[in-house]
2 protein chains.
Amino acid sequence: MGLGKNYEGQDCSLARSLELLGERWTLLIVRDALYGVRRYGDFLSHLDIPRAVLSQRLSALVDAGVMERRRYQESPPREEYVLTGKGKELWPPVLALAQWGERHMSAAGPRRVFRHVPCDAPIGAGATCSVCGAHVPAGEVEIWPGPGADLTREDPVSVALRGPHRMLEPLP
Amino acid sequence: MGLGKNYEGQDCSLARSLELLGERWTLLIVRDALYGVRRYGDFLSHLDIPRAVLSQRLSALVDAGVMERRRYQESPPREEYVLTGKGKELWPPVLALAQWGERHMSAAGPRRVFRHVPCDAPIGAGATCSVCGAHVPAGEVEIWPGPGADLTREDPVSVALRGPHRMLEPLP
DNA sequence: CGGGTCAGTTCAGTGAATGAACTAGGATGG
DNA sequence: CCATCCTAGTTCATTCACTGAACTGACCCG
């Protein structure tokens with residue numbers, strides 16, 4: 001998507017968001033990051049994204065302050081990408097889009113189920129807990145495979161997500 | 001975005017949604033439709049979108065059951081595009097993305113303010129009313145210009161949005 | 001030294017977006 | 001009745017972005 005090139009005339013915060021997030025692949029990268037994916041190679045194998053695009057998108061997310069690139073070992077030097085606070089706040093829109101897709105685009109039932117850990121209760125509309133009713137931050141969410149989950153993928157991230165997993169905890 | 005071409009390997013409802021909604025311009029068209037825009041020419045002048053792209057996107061939205069194309073006058077024959085129930089349910093994700101943009105991408109303050117009409121109260125996170133706490137459907141929302149609004153645009157939709165407007169009501 | 005891994009970059013080919021011009025059905029006005 | 005205008009598109013050449021494959025470079029292991 002033409003970064004900064006087009007949506008500029010739009011008098012709308014949605015357009016501001018989409019200049020960054022509306023690019024192909026970008027929201028899927030953020031979703032994976034929320035799940036806990038941190039390494040270049042894991043994004044690559046889980047998303048099946050061209051390497052050049054992944055590099056460009058990660059740089060854009062870092063430049064926008066949504067992710068942070070940091071060295072997690074010195075020898076050999078290895079970088080990881082983690083969400084900043086700004087990035088973690090993308091959890092409600094990502095969930096809202098996923099829930100819409102689940103209701104309207106997914107025939108086989110939910111692929112993933114999200115639970116509020118303190119309440120051990122499912123999460124409903126607007127990222128609120130169905131028991132305590134509070135807005136649930138990403139860190140209090142556990143991801144479970146749902147009935148519509150695809151069990152054929154063999155990349156490390158897909159394999160790790162066959163069991164429950166706390167969101168934002170490193171994966172795999 | 002490669003419709004049906006790429007995100008297919010993705011085991012995720014978000015990817016299903018993005019195959020349709022992740023294409024350039026599509027969510028902005030949905031936003032305008034939520035505001036009440038219905039006619040080809042109004043989308044065109046408000047969005048500054050190439051005609052060919054608008055035609056393709058509207059067709060895709062109609063094919064996906066998000067919008068409905070219908071004749072609103074016979075002579076001369078004129079078509080309008082209105083959101084279906086499935087389309088109106090995109091209001092929570094659209095709002096969530098716009099709110100994120102407002103918090104993190106908009107320096108000048110909110111461009112638009114949304115109010116829950118029965119309660120006359122602002123709408124908060126998760127498309128819930130800040131007074132009654134209920135989930136607010138798009139039809140109960142009124143749009144007001146906010147402090148960051150751009151008052152220089154002169155297309156009919158921008159002009160109409162300088163005053164308050166009930167969402168989904170025909171615009172302009 | 002040879003082979004392997006990780007994290008990228010480079011590059012040619014393809015497909016989509018863009019803007020301008022064109023089309024078509026009907027209304028409007030003199 | 002002819003010229004012009006309006007709305008809603010389609011067509012087309014150009015530009016741009018995405019894609020997949022190959023390549024680079026830093027480092028480790030045996």
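In what follows, chains are A, B, ... by sequence order, proteins preceding strands, each numbered from 1.
A:Arg51 contributes a side-chain N or O that forms a donor-acceptor pair with the base of C:dA7 under 3.5 Å.
A straight line from CG of B:Leu47 to P of C:dA17 spans 15 Å, rounded to a whole angstrom. A straight line from CZ of A:Arg24 to C1' of C:dA16 spans 11 Å, rounded to a whole angstrom. D:dA17 atom C1' lies 13 Å from atom CD of B:Glu23, rounded to whole Å. The interatomic distance linking B:Arg70 (CZ) with D:dA8 (P) rounds to 14 Å, in whole Å. Put simply, OH on B:Tyr72 is 13 Å from C1' on C:dG26, counting in whole angstrom units. In this entry the distance linking CD1 of B:Ile49 with P of C:dG19 reads 10 Å, nearest Å. Atom CD in B:Gln56 sits roughly 16 Å away from atom C1' in D:dA8 (whole-Å rounding). Summarising the geometry, the separation between CZ on B:Arg38 and P on D:dA8 is reported as 14 Å, rounded to the nearest angstrom.
Distances shown here put every side-chain N or O of A:Tyr40 at or beyond 4.0 Å from the OP1 or OP2 atom of C:dT5. Phosphate proximity of D:dC6 to B:Arg39: absent, as no side-chain N or O sits under 4.0 Å from OP1 or OP2. Distances shown here put every side-chain N or O of A:Arg57 at or beyond 4.0 Å from the OP1 or OP2 atom of D:dA17. For D:dC18, the OP1/OP2 oxygens have no side-chain nitrogen or oxygen of A:Trp25 closer than 4.0 Å. The shortest distance between the side-chain N/O atoms of A:Ser55 and the OP1/OP2 oxygens of C:dT9 is below 4.0 Å. Residue B:Tyr81 places at least one side-chain N or O closer than 4.0 Å to OP1 or OP2 of D:dG9.
The aromatic rings of A:Trp25 and B:Tyr7 sit perpendicular to each other, their planes meeting at more than 60°, with 30° as the lower class boundary.
The two residues A:Pro92 and A:His135 make their nearest non-hydrogen contact at CG-CE1, 3.7 Å.
Set against D:dT19, C:dA7, C:dG26, the side chain of B:Pro77 has C:dG26 as its closest nucleotide. When distances run from any side-chain atom of B:Pro50 to the nucleotides D:dC18, C:dG19, D:dG20, the shortest one goes to C:dG19. Candidate nucleotides C:dG19, D:dT19, D:dG9 were compared by shortest atom distance to the side chain of B:Glu79, and D:dG9 ranks first. Listed nucleotides: C:dA17, D:dC27, D:dG20. Nearest to the side chain of A:Pro76: D:dC27. Of the candidate nucleotides D:dC6, C:dG8, C:dA17, D:dC6 has the atom lying nearest to any side-chain atom of B:Arg78.
Contacts of A:His165 classified as side-chain hydrogen bond (donor to acceptor under 3.5 Å, both in side chains), with partners at least two apart in sequence or in another chain: none. The salt bridge (charged side-chain N to carboxylate O under 4.0 Å, His left out) test applied to A:Arg162 returns A:Glu154, not counting sequence neighbours.
With a 6.0 Å cutoff to the six-membered ring centre and a 45° limit on the axis angle, A:Arg78 does not count as a cation-pi contact of A:Tyr40.
Residue whose closest nucleotide on DNA chain D sits further toward the 5' end, between B:Ala52 and B:Asp42: B:Asp42.
To the nearest 0.5 Å, atom CG of residue B:Leu171 and atom CG of residue B:Leu34 are 11.5 Å apart.
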